[in-house]
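The structure under discussion appears below in the form of structure tokens.
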2 protein chains.
Amino acid sequence: MNFQQLRSIREAIRCGFNLTEVANVLATSQPGVSRQIRELEEELGVEIFVRSGKRLTGLTEPGRELLPVVERMLVDADNLRRIAGDFIEGDRGSLSIAATHSQARYALPSAVRDFRATHPNVTLQLHQGSPQQVAQMLLSGQAEVGIATRVLAEHDELVAMPCYRWTHSVIVPAEHALLDGEVTLERLATFPLITYELGFTGRGTIDDAFERAGLKMNVVLTAMDADVIKTYVELGLGVGIAASIAFDEERDRQLRAIDARHLFPINTTEVGVRRGGVLRRFAYDFIQTFAPHLSPEVVKRAQASAVDTPQAPL
Amino acid sequence: MNFQQLRSIREAIRCGFNLTEVANVLATSQPGVSRQIRELEEELGVEIFVRSGKRLTGLTEPGRELLPVVERMLVDADNLRRIAGDFIEGDRGSLSIAATHSQARYALPSAVRDFRATHPNVTLQLHQGSPQQVAQMLLSGQAEVGIATRVLAEHDELVAMPCYRWTHSVIVPAEHALLDGEVTLERLATFPLITYELGFTGRGTIDDAFERAGLKMNVVLTAMDADVIKTYVELGLGVGIAASIAFDEERDRQLRAIDARHLFPINTTEVGVRRGGVLRRFAYDFIQTFAPHLSPEVVKRAQASAVDTPQAPL
DNA sequence: TATCCTTACGGAATTCGTAAGCATG
DNA sequence: CATGCTTACGAATTCCGTAAGGATA
């Protein structure tokens, strides 16, 4: 048993059982990958992959049971390197963060600024993506810290820690009809709406609110980020619904924001990390810079926790 | 990074930093071990061991942090083999159980008999030792299941599950003075006592009871097991104190047992397994045969649990 | 001086990539 | 017929054990 075999197994699944692709990812030859997999199967005495003809098509029952252990072992291998890294380079290295646009654009900047000041020798990489992509980046090891709203906790391999709560605002041009009188879902439903794409920045909770009220939304445009939303609101295409944090009185002088916390459910932004993982010391520092209540100890404890907090029997 | 390196690290610690001994345990050459360790240290960029001159004398700070991860990786490697083993051989294989004498002699026989009947192709190995040795055998992987009273939970790497409760009895020859009237600690203290060695079968709780009563025990003989105790009681050397379960009316016709649950604290026998480990299916079956409330699911959940059940923050 | 680790070296085994072969959608 | 996996083979590398060297209790 060796790590190259384990890596081949893991990548084979990630690459949809295409060993040629695995070979590229692992920077080796395709017959090599083929051999690694076969040799591990021989050593363990079970077939890990289902083969139809010569192609791999899926995981066998044993394969499905082996996989989580294989992944943990590879994570642990990285953990060793990270633990060692803390000792050899101390406060020097690189930190990869995955975040949704809203977070990267509005919530993170101050944390990043403070972190850069205290950790000048750490290279920050900020990856952007949908909440699903953020989760994926954490799972693949591409990012060590993920910041998104919900969804992170949906994967067993990840731990999500509540970070802060926020609500939406209604964004309108200056001198818009909605600025007079109370804003209700009923009134909103009469306007063309511009908001997030499904799956982004609490869009789900917006839809829920309208649906529970028995109202139909007239969404004329969806975007992945508030900047785009605001741009089109400014053009008069409709009424925007965006995260409150995305509105800046200074910057958005042409626009007005109406707090809508009474209309839509509260959203919770979460910091996600790999379960069972170990991060560089400065990564814990970053998390605490972003969310002061998430101390290194709290995060480490969460990482070490089991999927379902079990009770000692009897 | 490879597994031989990790094994060398682990054994080096187990062998008290004597690489020559490690080489014997791992069935390889001493310079080989030396190289494995050095190469891993070079790859990680940190020294794992403290060297005074050429000898290894201890773990460095990084070494102490790396060790638990290294051990988990090696446990996981075994886990892979065990998971695969369940598929290739099904209900065939071997199960290594470590137990104290009392358990092996009085509690286990019926479970072993039932298990043998339902799993005829599983080879059982029953190791015997002090509670500390039982824990050690679990830690080293020599035994998969451990059965002892207390102490198992004292190691972070082990999970102990309460199994059943029991108390002590006073064992006397037929027609002994103690058979008349009530048995109290005060009366017991007037007789020469024969009981377990310290650390065995609840000896600690016996001492506690006397100490709390401000009484001094006159222990004339200690043994590791009840058979020896009973033998000397039969010879008239003194009054025995042993686990109630160890007395058998049929067998011990020369003796009488006086229930002493009102005198000494209740003891709890525990089943212990390695945290983070995976057992063969039949091993879970065995545990349930021994303690019906410890179903495979319960045990697996306990194994997957973190050391201190943590709360999701906030 | 005996124990224990390191270094040096040579042979053996393993590993890996290229090239050819074959099955499948 | 293009894609994708297996087999075959040869070269390169790695690996490991023996033997010698040196430090320490």
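Below, chain A is the first sequence line, B the second, and so on; all start at residue 1.
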Looking only at side-chain N and O atoms, does A/Thr20 come under 4.0 Å of OP1 or OP2 in D/dC5? yes
Check whether any side-chain nitrogen or oxygen of B/Asn18 sits under 4.0 Å from OP1 or OP2 of C/dC4, and answer yes or no. yes
For the atom pair CD1 (A/Ile83) and CZ (A/Arg281), what is the distance rounded to the nearest 0.5 Å? 10.5 Å
N/O donor-acceptor pair under 3.5 Å between A/Ser96 side chain and A/Gln142 backbone: yes
Considering only heavy side-chain atoms of B/Arg35, the closest of D/dC5, C/dC9, C/dC5 is C/dC9
Lys/Arg-Asp/Glu bridge criterion (N-O < 4.0 Å) met for [X], [Y]:
X: B/Arg105; Y: B/Asp225; result: no
X: B/Lys300; Y: B/Glu297; result: no
X: A/Glu144; Y: A/Arg274; result: no

Any residue meeting side-chain contact (heavy atoms from CB on, under 4.5 Å) with A/Ala135, in chain and number order, not counting sequence neighbours: A/Leu152, A/His155, A/Leu158
With sequence neighbours excluded, tell me which residues meet ring-ring contact (aromatic ring centres under 6.0 Å, His included) with A/His119. A/Phe115
Considering residues at least two apart in sequence or located in another chain, which fulfil the ring-ring contact (aromatic ring centres under 6.0 Å, His included) criterion with B/Phe49? B/Phe17
Calculate the interatomic distance between [X] atom [atom1] and [N] atom [atom2]; express it in whole Å.
X: B/Arg38; N: C/dC5; atom1: CZ; atom2: P; value: 13 Å
X: A/Lys54; N: D/dC5; atom1: NZ; atom2: C1'; value: 6 Å
X: A/Gln4; N: D/dT13; atom1: CD; atom2: P; value: 17 Å
X: B/Arg55; N: D/dG22; atom1: CZ; atom2: P; value: 16 Å
X: B/Arg51; N: D/dA23; atom1: CZ; atom2: P; value: 16 Å
X: B/Phe17; N: D/dA25; atom1: CZ; atom2: C1'; value: 18 Å
X: B/Ile37; N: C/dC5; atom1: CD1; atom2: P; value: 9 Å
X: B/Gln36; N: D/dT14; atom1: CD; atom2: C1'; value: 11 Å

Residues of residues 23-32 of chain A with any non-hydrogen atom less than 4.0 angstrom from an atom of DNA chain C: list those, numerically ordered, please. A/Thr28, A/Ser29, A/Pro31
What N/O pairs connect the protein and nucleotides 10-14 of chain C at under 3.5 Å? Give each pair on its own line.
none

Go nucleotide by nucleotide along DNA chain C from the 5' end; which of A/Asn2 and B/Leu56 gets its closest nucleotide reached first? B/Leu56
Give every residue pair that meets the side chain to side chain donor-acceptor pair (under 3.5 Å) criterion with at least one member in residues 61-74 of chain A, sequence neighbours excluded. A/Glu61-A/Arg64, A/Arg72-B/Asp76
